[in-house]
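In the text below, chain A, chain B and the rest are named by the order of the sequence lines, each starting its count at 1. Worth knowing before you read on, the calculation uses all heavy atoms, side chains too, and leaves out hydrogens, waters and symmetry mates.
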Number of protein chains: 2
Amino acid sequence: MKSKRLKSLRRNEYSQAAFETVCIYGFSSTTVDLVAKHAGASKTNVLHYFGNKTSLLEGALRYGNSVLVDEVRALMIRSKTPWERVYSVLLANFSAKTFDPKLAHAWLSLCAEVPYHSNFQRIQTVIHSRMHSNLLHALRQITDEKRAEVTAALISATIDGLWLRLAVQAEPLKVETALGQIEELMNSLFPNDENRVLAKRKMAEIQKILFP
Amino acid sequence: MKSKRLKSLRRNEYSQAAFETVCIYGFSSTTVDLVAKHAGASKTNVLHYFGNKTSLLEGALRYGNSVLVDEVRALMIRSKTPWERVYSVLLANFSAKTFDPKLAHAWLSLCAEVPYHSNFQRIQTVIHSRMHSNLLHALRQITDEKRAEVTAALISATIDGLWLRLAVQAEPLKVETALGQIEELMNSLFPNDENRVLAKRKMAEIQKILFP
DNA sequence: CGAAAAATAGACCAACAAGTCTATATTAAC
DNA sequence: GTTAATATAGACTTGTTGGTCTATTTTTCG
């Protein structure tokens, strides 16, 4: 069906436009009309595909996340060991492509709305769960159950914290600095781990090839 | 002067009302009228003291931060050693009083606006700088300069990350869990440090007395 | 006390934004 | 090729919101 394809194409187009509009103006200044202008369409048409503004912004949230998820997955399917899976998550979160202040602004702006919209909450929960379970599964094979839980939570909280810094800091956090801090964390949590260091190097290589 | 005092009293009252309104409705749904209603005053009067909505929300940001800052300071002035100062910051950030989902919602909602308002940016920069320098001064006396830099940044990023979790997670993060994760971090960064553990205990005691 | 200054609020206005109604192209289906 | 369905958009409506104008009350102070 052409029509089905067009429908989903438009929704994707407008979701991206919405996300980019949030990047520029922030959630609270984003209007349906601005999104439409950004997409080169009419407000009516955008509304035609989404029904209302909230659904459109949900699309934006989903879109923004998909950028990151795609990179995680690309690295993940090329991972063979637990440590390689851990570094798939870490490196994807601090990729040169994605670790960008503008993206972080939009990400944060959408996050901040989560507590006030049940649909946002649902979407966000899925996102977090996936990241958490990715980390947890890998870490379980590295350390004991209890510590895997704690460190998985700690690592993902730290990732979020660094992203928040990227968004709110006046002179934006450099990706190398963020990676250095993550490395300090990993090195302290799991010192003298040869496999960890090797996995990191290997995944960094793969990432450089896939996302130059 | 009574008048000066009243002026500053009203501004404080309305800043608090604005913050609480953001707690309930989120930044993007907070209106001057809602704030006024919450404070039991007229919109006109609120506007009289702040001039415009943006200044009012700046007040909210300042107010929200002051809650935390007051607790940090209270612990800080009772600290004698570097480790005690570090734990003043940590425990204040995860105090039973302040570590609350509603507060976190508002905090996050205001943070998300930082990139879009230069005044918010300025205020936020001051807040971050103070926290960073508090940690950095103390850590410099504990470890070498380079590592003090990295760990101070890492610790404050982790704090922010945990607050973000508190805000966006469906089943809200318990304060003990957050403290456990921070402790895992500190224990990994500075293992086998007798002074650290003692300082933590001491400051926790003081906190329990000051903020029961 | 009485005038000036400050505090407070009701009514109003202009801007704007979400969403609808209606109309016109464009595509698909027989 | 004609008809039905879909895509797109312009005009309009309705509600909301930030901010102003004006008026009234309260306080200050000589």
Other residues, nucleotides and ligands only: do more than 12 of their heavy atoms fall within 6.0 Å of [atom1] on [X]?
X: Lys53(B); atom1: NZ; answer: yes
X: Phe211(B); atom1: CZ; answer: yes
X: Tyr116(B); atom1: OH; answer: yes

Hey, can you tell me if Tyr14(A) and Phe50(A) have their rings parallel, tilted or perpendicular (30° and 60° cut-offs)?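 Answer is tilted, since the angle falls between 30° and 60°.
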Length of the [atom1]-[atom2] vector between [X] and [N], whole Å:
X: Asn45(A); N: dT26(C); atom1: CG; atom2: P; result: 14 Å
X: Leu57(A); N: dA17(C); atom1: CG; atom2: C1'; result: 13 Å
X: Arg11(B); N: dA7(C); atom1: CZ; atom2: P; result: 12 Å

Is any side-chain nitrogen or oxygen of [X] closer than 4.0 Å to OP1 or OP2 of [N]?
X: Arg10(B); N: dT8(C); result: yes
X: Tyr49(B); N: dT8(C); result: yes
X: His48(B); N: dA7(C); result: yes

Helical bend (five base pairs per end, nearest 10°) for the helix from dC1(C)-dG30(D) to dC30(C)-dG1(D):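 End-to-end axis angle: 10°.
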Among all residues two or more places apart in sequence or in another chain, which pass the side chain to side chain contact (heavy atoms under 4.5 Å, CB included) test with Asp100(A)?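 Asp100(A) satisfies side chain to side chain contact (heavy atoms under 4.5 Å, CB included) with Lys102(A), Leu103(A) once adjacent residues are dropped.
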If every non-hydrogen atom of Ala157(A) is compared with every non-hydrogen atom of Leu162(B), which pair is closest and at what distance?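 What the structure gives for the nearest pair is CB-CD2, 3.8 Å.
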Which atoms form the tightest heavy-atom contact between Gln207(B) and Ser95(B), and what is the distance?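 Distance-wise, the nearest heavy atoms are NE2-CB, 3.3 Å.
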Thr30(B) side chain to Tyr25(B) backbone, donor-acceptor under 3.5 Å: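 Pair absent, no side-chain N/O of Thr30(B) close to backbone of Tyr25(B).
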Let me have a per-nucleotide readout for nucleotides 16-21 of chain D, 5' to 3', with B, S or -, counting only protein heavy atoms under 4.0 Å. -SBBBB
